[in-house]
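Encoded as structure tokens, the structure appears first; notes follow it.
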Protein chains: 2
Amino acid sequence: MLKITRKVEYALIALRHFQNQEKDKLTSAKEMSKAYGIPQELLAKILQRLARENIVDAVKGPAGGYKLAVDPKTINMTKFFEIMEGPMGIMDCYFDSGCEQLQSCNIRTPLNRINDSIRSMFDNMTLADITY
Amino acid sequence: MLKITRKVEYALIALRHFQNQEKDKLTSAKEMSKAYGIPQELLAKILQRLARENIVDAVKGPAGGYKLAVDPKTINMTKFFEIMEGPMGIMDCYFDSGCEQLQSCNIRTPLNRINDSIRSMFDNMTLADITY
DNA sequence: TTATATACGACTATATTAGTCGTAAATCAT
DNA sequence: ATGATTTACGACTAATATAGTCGTATATAA
């Protein structure tokens, strides 16, 4: 119920890590997984996604690793969550239209309002608000 | 990711139903399950919990059913969610202290802030805001 | 006494999330 | 060149959480 996933959690830990780091210092998935007690393969996949989305830069080879590619101020949290997890809504019918009960549903409108509130809260927040 | 559960969803549908209803009119789980396409046993369990919490009154026997017991204005949403689902927090360590990674965790404080924001948003909302 | 309804715990099924594994490709040092 | 190290990525398995079902008991109106 209204929980963020580990995928998001680990991504935030990683991003915050980069911030506490010299600007262009690389950190490998291995180092980081040790430092924070996160399964290495899982963290690796998460860093890979962040790299694909150009939030971090990846450098291959020995002494390779990852570093921040952008200023965290420029990435809003709604976008960030949706990069990591796909559409963010407290109920599926915010995006999906495949709900059988739509006819008889009497709570769609108020839940949409709540949804909008949560989204706008995260819209008005950037990665920097979390990683600083 | 940040989803409400069907348990909560069905509970809200039920409560809204009662509001659109004559004040003391009883509705059985069976009727309601038909009207909204919700599995009867599941809805029944949810109504039973609402009854246990004195949010609705239950009347047994033929022609029995449920009706609102309180003014929805008097129940705040945080409390309501926690009645239905237990502790509400975007991460477990908001309540639990059993996290192995606490030492190295670098995102607890900012996530707590977000959590507080969400909770206070729901604290400032009553059931009536959803069921009207 | 029968039919209907709530009460409730135990159980099963399904979906989501978390984590692992195998393999490929880039890169650096020797 | 070759081996060690690291990213890249999809397929797979494991664990957990959510959704839904079932059996049985109890109350009550007709």
Side-chain angles (χ1 to χ4, degrees), chain A residues 1-11 13-14 26-34 36-67 69 81 84-92 96 98-101, chain B residues 1-11 13-14 26-34 36-67 69 81 84-92 96 98-101:
Chain A
M1 170 88 191
L2 296 176
K3 284 229 180 338
I4 62 169
T5 61
R6 290 211 199 287
K7 222 150 82 184
V8 164
E9 191 183 319
Y10 295 159
I13 289 176
L26 294 172
T27 309
S28 71
K30 192 176 178 184
E31 285 176 75
M32 213 188 269
S33 77
K34 268 187 196 147
Y36 299 98
I38 300 172
Q40 178 175 342
E41 273 83 17
L42 186 51
L43 181 58
K45 275 209 309 198
I46 289 163
L47 289 164
Q48 284 158 25
R49 162 164 282 152
L50 291 173
R52 235 180 297 145
E53 301 286 342
N54 299 307
I55 293 174
V56 300
D57 287 330
V59 175
K60 290 184 177 179
Y66 302 88
K67 67 186 176 83
F81 285 149
M84 298 309 294
E85 296 284 359
M88 177 186 75
I90 58 171
M91 72 285 197
D92 291 330
D96 284 17
C99 176
E100 298 295 325
Q101 292 157 346
Chain B
M1 169 90 193
L2 296 176
K3 285 230 180 336
I4 62 170
T5 60
R6 290 210 200 287
K7 220 148 84 184
V8 164
E9 192 183 318
Y10 295 160
I13 289 176
L26 294 172
T27 308
S28 71
K30 192 175 178 185
E31 286 176 74
M32 213 187 268
S33 77
K34 269 187 195 147
Y36 298 99
I38 300 172
Q40 178 176 339
E41 272 83 19
L42 186 51
L43 181 58
K45 273 208 312 197
I46 289 163
L47 289 164
Q48 284 158 26
R49 162 164 281 151
L50 291 173
R52 234 181 299 147
E53 302 287 341
N54 299 307
I55 294 173
V56 300
D57 288 329
V59 176
K60 289 185 176 179
Y66 302 88
K67 67 186 175 81
F81 285 149
M84 298 309 295
E85 296 283 359
M88 177 186 74
I90 59 170
M91 70 285 195
D92 290 330
D96 284 16
C99 176
E100 298 295 324
Q101 291 157 348

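Labels below follow one simple rule: chain letters A, B, ... track the order of the sequence lines, proteins then strands, and each chain is numbered from 1.
A heavy-atom distance below 4.5 Å is found between the side chains of B:Gln101 and A:Ile38. Side-chain contact between A:Lys67 and A:Thr27: absent, with no pair of heavy atoms (C-beta onward) separated by less than 4.5 Å. The closest side-chain heavy-atom distance from A:Lys3 to B:Leu2 is not below 4.5 Å. Contact of the A:Met84 side chain with the A:Leu50 side chain is registered, since non-hydrogen atoms from C-beta on lie closer than 4.5 Å.
For B:Lys60, the side-chain atoms get nearest to D:dT26 when compared with the rest of D:dA8, D:dT26, D:dG20.
Residue-level contact check: A:Ala29 touches the backbone only, with heavy atoms under 4.0 Å from sugar-phosphate atoms and none from bases.
A nucleotide of DNA chain C counts as in contact with chain B when one of its atoms lies under 4.0 Å from a heavy atom; the first and last such, 5' to 3', are C:dA3 to C:dT17.
Between B:Gln48 and B:Lys30, the residue whose closest nucleotide on DNA chain C is further toward the 5' end is B:Lys30. Of the two residues near DNA chain D, B:Pro62 and B:Gln40, the one whose nearest nucleotide lies more 5' is B:Gln40.
Regarding B:Ile38, its CD1 atom lies at a distance of 9 Å from the P atom of D:dG20, rounded to whole Å. Separating the NZ atom of B:Lys45 from the P atom of D:dT18 is a distance of 13 Å, rounded to the nearest angstrom. Per the geometry, OH belonging to B:Tyr10 stands 11 Å off C1' belonging to D:dT18, to the nearest Å. In this structure, B:Leu26 places its CG atom 13 Å from C1' of D:dT28, rounding to the nearest Å. Here the P atom of nucleotide D:dC9 and the CZ atom of A:Arg49 are 11 Å apart, to the nearest Å. Whole-Å rounding puts the A:Arg52 CZ to D:dT7 C1' distance at 12 Å. Protein atom CE of A:Met1 is 15 Å distant from nucleotide atom C1' of D:dA19, rounded to whole Å. Whole-Å rounding puts the A:Glu41 CD to D:dA14 C1' distance at 15 Å.
In this structure, A:Leu47 and A:Ala14 approach most closely via the heavy-atom pair CD2-CB, 4.0 Å. Across every non-hydrogen atom of B:Tyr10 and B:Pro39, the tightest pair is OH-CD, 4.3 Å. Here the closest heavy-atom approach between residue A:Ser33 and residue A:Lys30 is recorded as OG-O, 2.8 Å.
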